[in-house]
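Quick note on labels: first sequence line is chain A, next is B, and so on, each numbered from 1. The figures here come from the full heavy-atom set of this structure, side chains too, leaving out hydrogens, waters and symmetry mates.
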Protein chains: 2
Amino acid sequence: MGTRRPTLADVAGAAGVSVSTASLAFSGAGPITPATRQKVLDAAAALSYVGPNPLGRQLRSGRSGIVGVVVGDALARAFRDPVSVQFLDGLVSTLGPLGLGVLLIPASEGEGAPAVDPLLESAAMDVAVLLSGSLLEEPPRRTLERRGVPLVVLEGEPPARGTIVSVTDRQGYAEMTADVVALGHRRVAVVTLPMRGDRREGPVDAEREASATWPVTRRRLAGVRDAGVEPVAVWEAPASLVEHGRTAGHALLDRPDRPTAVLAQSDLLASGVLLAARELGLRVPEDVSVAGIDGIDLPWLAPDVLRSVVQPLADKGRAVGEAAARILDGEDPEPVVLPTTQRLGTTTGRAPG
Amino acid sequence: MGTRRPTLADVAGAAGVSVSTASLAFSGAGPITPATRQKVLDAAAALSYVGPNPLGRQLRSGRSGIVGVVVGDALARAFRDPVSVQFLDGLVSTLGPLGLGVLLIPASEGEGAPAVDPLLESAAMDVAVLLSGSLLEEPPRRTLERRGVPLVVLEGEPPARGTIVSVTDRQGYAEMTADVVALGHRRVAVVTLPMRGDRREGPVDAEREASATWPVTRRRLAGVRDAGVEPVAVWEAPASLVEHGRTAGHALLDRPDRPTAVLAQSDLLASGVLLAARELGLRVPEDVSVAGIDGIDLPWLAPDVLRSVVQPLADKGRAVGEAAARILDGEDPEPVVLPTTQRLGTTTGRAPG
DNA sequence: ATGAAAGCGCTAACAC
DNA sequence: GTGTTAGCGCTTTCAT
């Protein structure tokens, strides 16, 4: 039993052909007589050889066929957001049929990140994908760039090698805000994603906002101002999760001078705001309008349908997958920008009064 | 710039040492003078050598350091379930620090599965993990077993090479059912996970139940009978999703002879049932009791807290990760069985009338 | 403590 | 159409 696994050389020997011929029999590339091919396959079966060892193939070809996806340290948090999940679904289903695998890389974020992450440092990968809003100076990104791994960056700064994929969320957000203004709303509050890596929860003052580094947060906030709106309040959520939206909703709405519209920078945050409004006995949209962005499916909000700026999440995954595949083929793909659309929903309406 | 990347040999040459010495400088294994080591490191820096190529290392060591996780074709569906996500979080965070990566493998399930899945067929991996309820005859599993990849199987049949990790869900479910009986319930309905690969939605008759192959579904159903309960109705959901639970809830509860308790085989299904009950104007638990299993956090059900059989999901991920790591070390780990606990919640109470 | 040499398993020129 | 040969980049005995 302790016999080592058969190699292509063993098969070739048993079939009475050379290794290269045996290789051709498996790869299908190159000329080979059906008869010879069959002879090799039979020998393989006899030896219970299960096909070329991927490790040998990889070394030889210089490619691992692996696309690394850097997810934050809290994978559970990332994946509780349908946004990441739908994106990943698009990515995996584009890459899979191409024979390319997705490797999950949990990179420790935050200030007190440990020195070296072995996976980031030395896992084999041909391309890496950085999820929303990656900055040049982030440690994981620096590690990868130093290694010379080409990057596909979502919604962030363009990499030295690789490309970026983004959506027109600023414009979409501006459009949505303009619609809300047209409905008569003047007191508009905004619930944002984190301003930067330190992920605070609470009201945002000018100083805090000026210190913002996360591109997505900044862009969507800019979208609000593009529509000529200066928010009466800006609240920072530490993550895109329903409970943080709920906290924000209570803070913003449980007061006499409450805003008539709350715009959240994600659908999960908006859902939390909506729940808070319900809990406070406010009618939506009669007493307060609520809107989000992402366009995820939220059946449990029924009968409400959240107003949202819809981004094509699965397409984004596909676009990233295609970009990664092209980089693997030695190409240098152009940046991709995907459009957003508006979902009107039922949660915005005329301003009260 | 078309110069190829430097190799360890280049670095050794520049440092004036042999390749093997250079190798030691990086691996740290083996005796080497600090001075020599530094010389090598300096040479590496000068050449902007970023460390040993993982592909070479992998071929040499015969290990890829990759743990494949086979997720169904619909990754989005799998990951919409917090159960998978929490599990994966536990897995990734156990494996990551060990330098082991998790490769997502989307295996086409269903009857009309395509001939060959390139990833399953030939991706490099040292161990594969099969999510809940894997059966020997499933094509992805057969492919992996044929390749000789050791398996860590969750809640399924033990593999030829590898081990299994499971929870005491049958016992937990039986306990929960017994509690419900003790509360006076006699008309108990069950909402199940899929009976088998064809994933039907609707009432389950004896024939359908007899044809069930999915271990998890069978075990939890057995748990109900262990408590001496013969369900007045069994409804099959095609996936563990809130909307399917809702459908089930409406079908089971919108009738005069409705059950007084509905036991679902997942928390997501139970949540759907709860929503349906609310929509039908039924009070929970005064008019109907609802319970699930998994123990996931469901803040949006507030103020209700779902009664549930809690399984230690992150522990499960960790246990699988540890098993995988041990298999990689050439060990042959024993099966692991993890305990369940009861979350009483607020959704079960005395039977009405 | 360092070096020489072998070889992990495979593919792709190139020659026949 | 098939065989020969030369590595891909690394680690690891085994000498020295």
Side-chain angles (χ1 to χ4, degrees), chain A residues 3-41 43-44 47-66 99 121-126 147-148, chain B residues 3-41 43-44 47-66 99 121-126 147-148:
Chain A
T3 65
R4 74 177 195 357
R5 322 196 89 194
T7 75
L8 196 52
D10 299 329
V11 175
V17 301
S18 73
V19 233
S20 52
T21 303
S23 175
L24 291 183
F26 282 100
S27 69
I32 189 175
T33 320
T36 317
R37 190 181 134 82
Q38 193 52 53
K39 200 164 56 180
V40 173
L41 263 29
L47 293 175
S48 52
Y49 175 77
V50 293
N53 180 328
L55 264 26
R57 187 206 296 268
Q58 286 175 14
L59 176 59
R60 175 63 224 222
S61 64
R63 295 178 23 166
S64 62
I66 286 180
E121 208 71 46
S122 57
M125 66 187 103
D126 298 330
R147 283 183 61 185
Chain B
T3 64
R4 72 177 196 356
R5 323 198 89 196
T7 73
L8 194 54
D10 300 327
V11 175
V17 301
S18 72
V19 236
S20 47
T21 303
S23 175
L24 292 182
F26 282 99
S27 69
I32 187 174
T33 318
T36 319
R37 190 181 134 84
Q38 193 53 50
K39 202 165 53 178
V40 173
L41 263 28
L47 295 175
S48 55
Y49 176 77
V50 293
N53 179 328
L55 265 27
R57 186 206 296 267
Q58 286 176 15
L59 175 59
R60 175 62 225 226
S61 63
R63 294 178 24 166
S64 62
I66 287 179
E121 208 70 47
S122 58
M125 66 186 105
D126 298 329
R147 281 183 63 185

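For B:Thr36, whose side chain is taken as the heavy atoms from C-beta onward, the closest listed nucleotide among D:dG1, C:dG3, C:dT2 is C:dT2.
Residues A:Gly51 and A:Phe26 share a closest heavy-atom pair of CA-CE2, 4.3 Å.
By the 4.5 Å heavy-atom criterion applied to side chains, B:Thr36 and B:Leu24 are not counted as neighbours. With contacts defined as side-chain heavy-atom distances shorter than 4.5 Å, the pair B:Arg147/A:Pro54 qualifies.
In this structure B:Ala123 satisfies the side chain to side chain contact (heavy atoms under 4.5 Å, CB included) test together with B:Leu103, B:Leu119, B:Met125, sequence neighbours excluded. Evaluation of the side-chain hydrogen bond (donor to acceptor under 3.5 Å, both in side chains) rule for B:Asn53 yields no partner, not counting sequence neighbours.
The backbone N or O of B:Ala9 sits less than 3.5 Å from a side-chain atom of B:Thr7, completing a donor-acceptor pair.
Pairs passing the salt bridge (charged side-chain N to carboxylate O under 4.0 Å, His left out) check and including a residue from residues 11-36 of chain B, sequence neighbours excluded, do not occur. Each side chain to side chain donor-acceptor pair (under 3.5 Å) pair with one or both residues in residues 8-31 of chain A, not counting sequence neighbours, appears once here: A:Arg4-A:Asp10, A:Ser18-A:Ser20, A:Ser18-A:Thr21.
Rounded to 10 degrees, the angle between the two end axes of the helix from C:dA1-D:dT16 to C:dC16-D:dG1 is 30°, with five pairs used at each end.
Atom CZ of A:Arg63 and atom P of C:dG9 are 22 Å apart (whole Å). Look at CZ on A:Arg37: it is 19 Å from C1' on D:dG3, rounded to the nearest Å.
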| request: Sugar-phosphate means primed atoms, P, OP1 and OP2; the rest is base. With that split, encode nucleotides 8-16 of chain D 5' to 3' as B, S or - using protein heavy atoms under 4.0 Å. | output: BBBBB----

